[in-house]
Asker: 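Once you've had a glance at the structure underneath, I'll fire off some questions.
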Amino acid sequence: MFEFLQKVWLPLLIILLAFLYGHFTKNFDYWKKKGVFYFEPVFLFGNIKDRILFRKAFHQFWLDTYRSMKGHKFVGFFEGRKQTLVVLDPEVINHVCIRDFSHFVDRPTLELKYPLHQRQPLIAQLWNSSIHCIKGSCST
């Protein structure tokens, strides 16, 4: 029985692991081929290992990443095996978000737990109460 496992299952397991490794790393040269500066990705994690393993908070991770990208207009980045372009230059951001908006359709967005339109009554109420204080202090 043990011989059967060695002869059949062990080679199959090795082939499966090799296939999975190839699948998860096959596009890790994507930014290199495009001539874009990028950080070397890590197997399974890409460039977000510290974020996935909860070593850094979301904002601290992106702040550190941003600081390490200084000096570049844009940088190639990997979220797992998904390639992402991080744009840093204001002029390039202007092109992407305004002029060439229709060409960049899959931009990620951050969804709020409580969208602003649900908080409007509260904001309006706070504004009305504070504006009366301001008007009273400014009038002579």
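FYI, side chains are in, hydrogens and waters are out, and symmetry mates aren't considered; it's all heavy atoms of this structure. Numbers here simply count residues along the sequence, with the first being 1.
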Asker: Taking atom CG of Asp64 and atom NE2 of His59, what is their separation to the nearest 0.5 Å?
Answerer: 13.0 Å
Asker: Can you give me the closest heavy-atom contact between Asn47 and Glu40, atom names plus distance?
Answerer: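 Nearest heavy atoms, Asn47 then Glu40: ND2-O, 3.4 Å.
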Asker: Decide whether Phe45 and Phe54 are clustered together by the hydrophobic rule: side chain heavy atoms of Ile, Leu, Val, Met, Phe, Trp, Tyr closer than 4.5 Å, transitively.
Answerer: no
Asker: May I ask whether Phe43 and Leu13 are part of the same hydrophobic cluster, defined by side-chain heavy atoms of I, L, V, M, F, W, Y residues being less than 4.5 angstrom apart, directly or through others?
Answerer: no
Asker: Does OH in Tyr66 sit with more than 12 non-hydrogen atoms of other residues, nucleotides or ligands closer than 6.0 Å?
Answerer: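 It does not: Tyr66 OH has 12 such atoms or fewer within range.
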Asker: Could you tell me which non-hydrogen atom of Lys26 sits nearest to which non-hydrogen atom of Asp29, and how far apart they are?
Answerer: O-OD1, 3.5 Å
Asker: Quick check: is Leu63 connected to Phe74 through a chain of hydrophobic side chains (ILVMFWY, heavy atoms under 4.5 Å apart)?
Answerer: no
Asker: Please tabulate, one pair per line, all N/O donor-acceptor pairs under 3.5 Å involving side-chain atoms of residues 15-24, not counting sequence neighbours.
Answerer:
| residue | atom | partner | partner atom | Å |
| --- | --- | --- | --- | --- |
| His23 | NE2 | Arg81 | NH1 | 3.4 |

Asker: Are the side chains of Phe61 and Arg55 in contact, using a 4.5 Å heavy-atom criterion?
Answerer: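 No, side chains not in contact.
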Asker: Calculate, to the nearest 0.5 Å, the distance between atoms CD1 and CZ belonging to Ile48 and Phe58 respectively.
Answerer: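 Ile48 CD1 to Phe58 CZ: 10.5 Å, rounded to 0.5 Å.
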Asker: Got Phe77 and Met69 here, is their nearest side-chain heavy-atom distance under 4.5 Å?
Answerer: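 When only atoms from C-beta onward are counted, Met69 and Phe77 do touch, with a gap below 4.5 Å.
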Asker: Is any side-chain heavy atom of Tyr30 closer than 4.5 Å to a side-chain heavy atom of Val36?
Answerer: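 When only atoms from C-beta onward are counted, Val36 and Tyr30 do not touch, as no gap falls below 4.5 Å.
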Asker: So if you build clusters from Ile, Leu, Val, Met, Phe, Trp, Tyr with side-chain heavy-atom gaps below 4.5 Å, do Ile98 and Leu88 land together?
Answerer: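 No, it is not one cluster - the side chains of Ile98 and Leu88 are not joined through contacts under 4.5 Å.
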Asker: Measuring from Leu85:CG to Lys34:NZ, what's the distance to the nearest 0.5 Å?
Answerer: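 Atom-to-atom, Leu85:CG and Lys34:NZ are 11.0 Å apart.
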